[in-house]
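To start, the structure under review is shown below, and the notes come after it.
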Amino acid sequence: MGRRLYIETFGCQMNVLDTQLVLGQLRAQGYQVVDTPDDADIVLYNTCSVREHAEQKVWSRLGELRATKQQRPNLVIGVIGCMAEREGTGLFRRYPHVNILCGPAELDKLPAMLHNAVVTSAKPSDTDHVSHSGRRRQVALMASTTRRSSTLAATDDHLENLDLSRSVSSTDDVSQAYVRITRGCNKFCTYCVVPYTRGPEVHRPPQNIIDEVIKLADAGAREVTLLGQTVNHYAYRHPDARVTSFADLLYRIHEATPALPRLRFVTSFPRDFTDAALQAMRDCPRICHYLHIPAQSGSDRILKLMNRGYTARQYLDLIDRAKSMMPDISLATDFIVGFPTETEDDHRRSMDLLRYCRFKNSFIFKYSPRPGTIAIDRFEDDVPEPDKRRRNNELLAVQQEVSAENNRQMIGKRVEVIIEGESKLTSRQAKADPSFVDLTIAGNKPAHPHLSPTVTQLIARTRGDQIVCVDGGPFLKGQLLRVQITDSQSLTLFGKLIAD
Ligand code: SAH
Ligand code: SF4
Ligand code: F3S
């Protein structure tokens, strides 16, 4: 019975965490993780539905596997995550060679489903017509069970078991780890699939979160990022009606993990960000002064059509509050360009908002109409593609100006970074050309006492989430080090390790 498993993950940090948790469970059951689908008995795609482009990648992967499945009929193919939930069993019509469909709110069921799929697919009598009759298919979708109401979800949160199952072994790299504090979303922004794919917002019990962060810190985590779609909405109501707010949770985690150097959280929602939460950030020295807080637009008319629930003025007031409490705060945001009916004037307001807030970076997306959302039913996708592209580029250009200026001000400063790993550019070029010598590295003598003579370009991140390229060795991965910023380009800083 084949148990070699290949998994590819698309989408946001929630999916990255889901993959880690699922793999933890499967490894404990004897599955072995392999690096390519060619070596695998089971291929899983953990998918994202947020924009059409994210889905297209998975469609093409599934198309490629059609021929493989013909040659190896026992191969088990699973689509898990947001796209499984959004597409539902209709996916089998287009891709009959898929065996498993499991939505993100049902992932605790995946080990049993895989077991069933592997056992049935290994039966010698199992021929292709069986697969088409659906016998080998395993389906777990929120939509196919009863769609849970918010209250039901809060009391019957079977998915909590997935997070609780987290096991950390000595071989796991936990230097930068995610911990979920809420799952799902109740906001129903008109363009967004997430409330439909991940279900209603559920807040995890604080003690479970704290225990998980302690477990990771004890295993050597240097940075823990708390995850939620609207992370600052966290408010856990205990059975005795006491409420643990987001600010309370931050204080409690910070106090419980004195050896954890960095605590962060994403994604914040621009409404209901309390002063208490900002104070917690200011008062707890190990909480990073960083907010990813998507604005989406600078136009009140568009924000209203998006159902975001705030005005541009309210957004700016929050940014002002945050900056006045933490002058060193680093801010990131998301924008959608070309939302239905968006005019040049609306677009200009987004650019103005970007300039005012001086974001560290902006994730800019062209509006993508998503099946099942309110916007696709209510509004025509009427901004032509060339205008979307141009507005995307214009916003990006303003962001690059702002980033370049922000980054220039960093030159000469000494900052703490966490080493994330080798720069992709270096490893890609090195692979393509074994004699490759990066000239930016060649002239630099290693400044750090721990450095070996072989120097590679590393990617590191500051407490404010800025990327810094530094020269070092891959063995430094996961370490917290000091660097001096020596140079900057619009989106990247360059630094050298210093030994203080
Ligand atoms: N929960 C987070 C964002 C989750 S989705 C929040 O509300 O801030 C990540 C980003 O994808 C969003 O912030 C939005 O900018 C973008 N996005 C979501 N749906 C989209 C769509 N239909 N078209 C284009 N971008 C979209
Ligand atoms: Fe989507 Fe809005 Fe929820 Fe974010 S807050 S996940 S954009 S519905
Ligand atoms: Fe994508 Fe689902 Fe995350 S739609 S962005 S993987 S919540």
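Side chains included, hydrogens not; waters and symmetry mates left out as well; all remaining heavy atoms used. Both counts, for ligands and for their atoms, begin at 1 and track the order of listing.
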Compute the shortest N/O to N/O distance between [X] and ligand 1 and return yes if it is under 3.5 Å, no if not.
X	value
Tyr191	yes
Tyr367	no
Arg370	no
Gln229	yes
Asp334	yes

At a non-hydrogen distance cut-off of under 4.0 Å, which region of Cys12 contacts ligand 3 (side chain, backbone, both, or neither)?
->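 Within the 4.0 Å criterion, Cys12 contacts ligand 3 through backbone and side-chain atoms alike.
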Side chain to side chain contact (heavy atoms under 4.5 Å, CB included) against Asp377, all qualifying residues, sequence neighbours excluded |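 If we apply the side chain to side chain contact (heavy atoms under 4.5 Å, CB included) test to Asp377, skipping adjacent residues, there are no hits.
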Where's the contact between Ser368 and ligand 1, heavy-atom distance under 4.0 Å: side chain, backbone, both or neither?
->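 Answer for Ser368: both.
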Starting from atom 15 (O) of ligand 1, which protein heavy atom do you reach first, and at what distance in Å?
->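 Ranked first by proximity to atom 15 (O) of ligand 1 is Gln296 OE1, 2.7 Å.
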Parallel, tilted or perpendicular: which fits the ring planes of Tyr234 and Tyr236, with parallel below 30° and perpendicular above 60°?
->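 Rings of Tyr234 and Tyr236: parallel, under 30°.
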Run the numbers for me: atoms of ligand 1, each under 4.0 Å from some heavy atom of Arg51, listed by number.
->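 Once the distances to Arg51 are compared, the set is 11 (O), 16 (C), 17 (N), 23 (N), 24 (C), 25 (N), 26 (C).
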Return the protein residues near ligand 2 (heavy atom under 4.0 Å from any of its atoms), ordered by chain and residue number.
->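 For ligand 2, the contacting residues are Cys185, Lys187, Phe188, Cys189, Tyr191, Cys192, Val194, Pro195, Gln229, Thr230, Phe269, Arg308.
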